Participant: 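Below are the structure tokens for one structure; questions will follow.
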Amino acid sequence: MLNSEEVGNDHLATSMNTPLRADAFEMDDETKIQKIEQHFQSIMEIMGLDLTDDSLKGTPHRVAKMYIKEIFSGLNPANKPKIALFDNKYKYNQMLVEKDITFYSNCEHHFVPIFGKAHLAYISSGKVIGLSKLNRIVQYFAKRPQVQERLTVQIATELKKVLNTEDVAVVIDAKHLCVSSRGIQDTNASTVTSFYGGKFQNANVKEEFLQYIQLKTEL
Ligand SMILES: Nc1nc2c(ncn2[C@@H]2O[C@H](COP(=O)(O)OP(=O)(O)OP(=O)(O)O)[C@@H](O)[C@H]2O)c(=O)[nH]1
Ligand SMILES: [Zn+2]
């Protein structure tokens, strides 16, 4: 479990960033797709696959387009969701929980899927966020090569920033195909990570959040 102070620390604030080179976005998307297509074709050829087969011949382009436009599109800050905030006119001062946000990500060690549910909560410091934007923040950071710990901290840090409060919580419960479909091949194991900032470090507040997301016994 990481608390908000740890994330405020400069060293961790840097290490929580996805490792990207400074020139990561100098090449345009179309050039990236062309290059990945060539390399993926080489991988398939090395494996002995017949690229003249009508089912396989489009695969290098399909994979390249999927990497850049879909499953790794969250690497590019240009794809960060625009966040709509509203005044908290209703003086709603309890926690708001957006639970069971389904996401698909990919493990950065094996490039196979991680999928699961993210549960987010915050207590308003004056503004409220459009609900769908909570889902969009999850999807943005999920669409990167990831480890679950970093995904959790990146979502929490973004929530704190856009909502201007420390009072945020994130729990992620996910399956890693690198654990289930290969390697140790454990199909039952899932991984739970959490972040509790500000008021969510209080036992009663945390308990209320865990009651809503019904993960209390598992945690
Ligand atoms: N901490 C953390 N580890 C992860 C995550 N996703 C995958 N891993 C682990 O990353 C590790 C990579 O270990 P290596 O020993 O280099 O890779 P490997 O030989 O393929 O390991 P096995 O999966 O045990 O076969 C594995 O133990 C994975 O289970 C994640 O989100 N967080
Ligand atoms: Zn993995």
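Residues: numbered from 1 along the sequence shown. All values reported here derive from a predicted model rather than from experimental measurement. Every number for a ligand or one of its atoms is a count from 1 in the order of the listing.
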Participant: Checking a contact table here: which protein heavy atom is nearest atom 29 (O) of ligand 1, and how many Å away?
Facilitator: Val179 CG2, 3.8 Å

Participant: Determine whether any protein heavy atom is located less than 4.0 Å from atom 22 (P) of ligand 1.
Facilitator: yes

Participant: Within the protein, is there a heavy atom lying under 4.0 Å from atom 31 (O) of ligand 1?
Facilitator: yes

Participant: Taking 2.8 Å as the cut-off, does His109 contribute an N, O or S atom near the Zn ion (ligand 2), distance below it?
Facilitator: no

Participant: Given side chains that start at C-beta, do those of Thr152 and Gln148 come closer than 4.5 Å, heavy atoms only?
Facilitator: yes

Participant: Taking only heavy atoms of Cys178 into account, list the atoms of ligand 1 that are under 4.0 Å away from them.
Facilitator: 7 (C)

Participant: If you measure from each non-hydrogen atom of Gln148 to ligand 1, which part falls under 4.0 Å: side chain, backbone, both or neither?
Facilitator: both

Participant: Could you tell me if Arg21 sits above the aromatic ring of Phe25, with its cationic atom closer than 6.0 Å to the ring centre and no more than 45 degrees from the axis?
Facilitator: no

Participant: Any side-chain heavy-atom pair from Glu45 and Leu49 closer than 4.5 angstrom?
Facilitator: no

Participant: Considering only protein heavy atoms, determine whether one is less than 4.0 Å from atom 19 (O) of ligand 1.
Facilitator: no

Participant: The Zn ion (ligand 2) as vertex, arms to SG of Cys107 and ND1 of His110: angle to 10°?
Facilitator: 120°

Participant: Just go through Arg150, His110, His109 and tell me whose heavy atom is the nearest to atom 10 (O) of ligand 1.
Facilitator: His109

Participant: Would you say the side-chain atoms of Thr59 pair up with the backbone N or O of Leu56, donor to acceptor, closer than 3.5 Å?
Facilitator: yes

Participant: Considering only protein heavy atoms, which is closest to atom 25 (O) of ligand 1, and at what distance to one decimal place?
Facilitator: Arg182 NH2, 2.9 Å

Participant: Distance under 6.0 Å and angle within 45° of the ring axis: does Lys206 meet both against Tyr196?
Facilitator: yes

Participant: Tell me, please: is Glu108 in heavy-atom contact with ligand 1, that is, under 4.0 Å?
Facilitator: no

Participant: Are the ring centres of Phe72 and Phe111 closer than 6.0 Å?
Facilitator: yes

Participant: Out of Leu134, Leu120, Leu163, which residue meets the side-chain contact (heavy atoms from CB on, under 4.5 Å) rule with Leu96?
Facilitator: Leu134

Participant: What is the nearest protein non-hydrogen atom to atom 1 (N) of ligand 1, stated with its residue, atom name and distance?
Facilitator: Glu149 OE2, 2.7 Å

Participant: When you check the gap from the basic side-chain N to the acidic O, do Lys80 and Glu158 get nearer than 4.0 Å?
Facilitator: yes

Participant: Would you say the side chain of Thr157 lies within less than 4.5 Å of the side chain of Met16, judging by non-hydrogen atoms?
Facilitator: yes

Participant: Where does Gln146 meet ligand 1, judged by heavy-atom distances below 4.0 Å: at the side chain, the backbone, both, or neither?
Facilitator: neither

Participant: Within the side chain of Arg144, is there an N or O that forms a donor-acceptor pair under 3.5 Å with the backbone of Gly74?
Facilitator: yes

Participant: Any non-hydrogen protein atom below 4.0 Å of atom 13 (O) of ligand 1?
Facilitator: no

Participant: Considering heavy atoms of the protein only, find what lies nearest to atom 6 (N) of ligand 1 and give residue, atom and distance to 0.1 Å.
Facilitator: His176 ND1, 3.2 Å

